[in-house]
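Below is one structure; the comments refer to it alone.
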Amino acid sequence: MADYSGDPSEFKVYWFARDLVASSFGGYATSEVDTLKELSTHLEGQLDDDELLSESDLEVEKRYIEDTITGSVNRTYGDDISKRYRQTEDLVERILRRIEAPDDLREFGIAIDAVVRTSEILDMTPSFGESEIVEIVDDTLENEAGGLDRTAAYDALFNVDFEGEAFQLGAQREPLIEYIHEKMEALRSDPYISEKEVARIVSGIVQEYERRAGQSRASTAGNVLETGLQHILSRFDIPATGTPEHFGDIEIDNMVRGPDGSIGFSCKRTLRERFRQSLSREAEIGVDEVWFVSLLMADVSREKLQDISNDGGRIYVPRDSFVWNRYRDDEELSYTLRPADQFIQDVVEFTGVSARF
């Protein structure tokens, strides 16, 4: 195979794999698994015969790849060329441009196996779901007497986020380790692949796997906090809408409406810049105030606190954070900056709802 190079364009297993799952090319690998398996079997059979590993056969195999991949997708939709077919043509164009030598066919076959197995692993990975979230919240809120600790609501959200991330990472890594162990043994038994090539190929597989796994974790992170917040409110018998709502570019995770007032909640791992979308728009949302809960303090600056203050909203942070210690005596922020252990108490007092204490 080609000599090792630090040039990213030479990491063809990685780039083949990335192209096969890219949304811009229709996420081909996630919907055409059987076709890819057939293609992989064909390539493996051709590459087992040393006589076929020549430049003269390369164009034949490239045409076979093109016909197989494009032939698996409907060409038309209605009276026009289907978008999916156009995306598949773009995918094939990139794949064929990367196949410059017969040994690239071997790397393409390895990439096919990697994306198919990666999809199978991610599909089979146990998810961090409602039952796990409920258990964490319940364990965190329960005090020594068996009752509910109203000051522990923020800790419950933090634990849900912290333990949920650990659960997903662990669940996704364990099957990956098994697969990589199998792949390394297979690669090392291939006379065409050097030890350095093994490392290059495996690193590409792992890099692409983590990119896809990271996307799946990011897509569920918001739902985890939404579910956690709802269960916290439910444990204290605080009536809430229970579902996130979208108001154009605004997303409110939950709302509580009572006889004295109404609140929209935004619970996020980090505050970032999107928090400004909900400022000065309470009337559109249908609440008196928007309250923020940020689990990480890195994005909580005085400027953002002032923005929230100017809008009449609140943000809850832990008492042991530097943000609290730095600004708790700032009169301009006295209404806005609140200690996390008062979150549930403040919800009840502001809205006037009855609660279980």
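Excluded from the calculations below are hydrogen atoms, water molecules and symmetry mates; all remaining heavy atoms, backbone and side chain alike, are included. Start at 1 with the first residue, then count along the sequence.
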> Which pairs, with at least one residue in residues 72-92 and sequence neighbours excluded, count as a ring-ring contact (aromatic ring centres under 6.0 Å, His included)?
Replying inline: none
>> Counting only heavy atoms from other residues, nucleotides and ligands, does the tally under 6.0 Å from CZ of Arg319 exceed 12?
In response: yes
> Charged N to carboxylate O below 4.0 Å: is that the case for Glu66 and Lys62?
Replying inline: no
> side-chain hydrogen bond (donor to acceptor under 3.5 Å, both in side chains): which pairs involve residues 348-357, sequence neighbours left out?
Replying inline: Gln345-Glu349
>> Suppose the criterion is ring-ring contact (aromatic ring centres under 6.0 Å, His included): which pairs have a residue in residues 305-334, not counting sequence neighbours?
In response: Trp291-Tyr316, Tyr316-Phe343
> Any sub-3.5 Å donor-acceptor pair from Tyr154's side-chain atoms to Ser294's backbone N or O?
Replying inline: yes
> Where do Val13 and Ala111 come nearest, in terms of heavy atoms and distance?
Replying inline: O-CB, 3.6 Å
> Is there a donor-acceptor pair closer than 3.5 Å between any side-chain N or O of Arg84 and the backbone N or O of Gly26?
Replying inline: yes
>> Run the side-chain hydrogen bond (donor to acceptor under 3.5 Å, both in side chains) test against Arg326 and tell me which residues pass, sequence neighbours left out.
In response: none
> Which residue pairs satisfy the salt bridge (Lys or Arg N to Asp or Glu O under 4.0 Å) criterion with at least one member in residues 129-138, sequence neighbours excluded?
Replying inline: Asp138-Arg235
> Is it true that a side-chain atom of Asp260 and a backbone atom of Phe350 form a donor plus acceptor pair closer than 3.5 Å?
Replying inline: no
>> Pair Arg212, Ser119 - check side-chain hydrogen bond (donor to acceptor under 3.5 Å, both in side chains), show working.
In response: CA-CA 9 Å; Arg212 294 181 66 188; Ser119 295; 2.9 Å; yes
>> Just checking Arg328: does its CZ atom have more than 12 heavy atoms from other residues, nucleotides or ligands closer to it than 6.0 angstrom?
In response: yes
> Who pairs with Ser82 by side-chain hydrogen bond (donor to acceptor under 3.5 Å, both in side chains), at least two apart in sequence or on another chain?
Replying inline: none
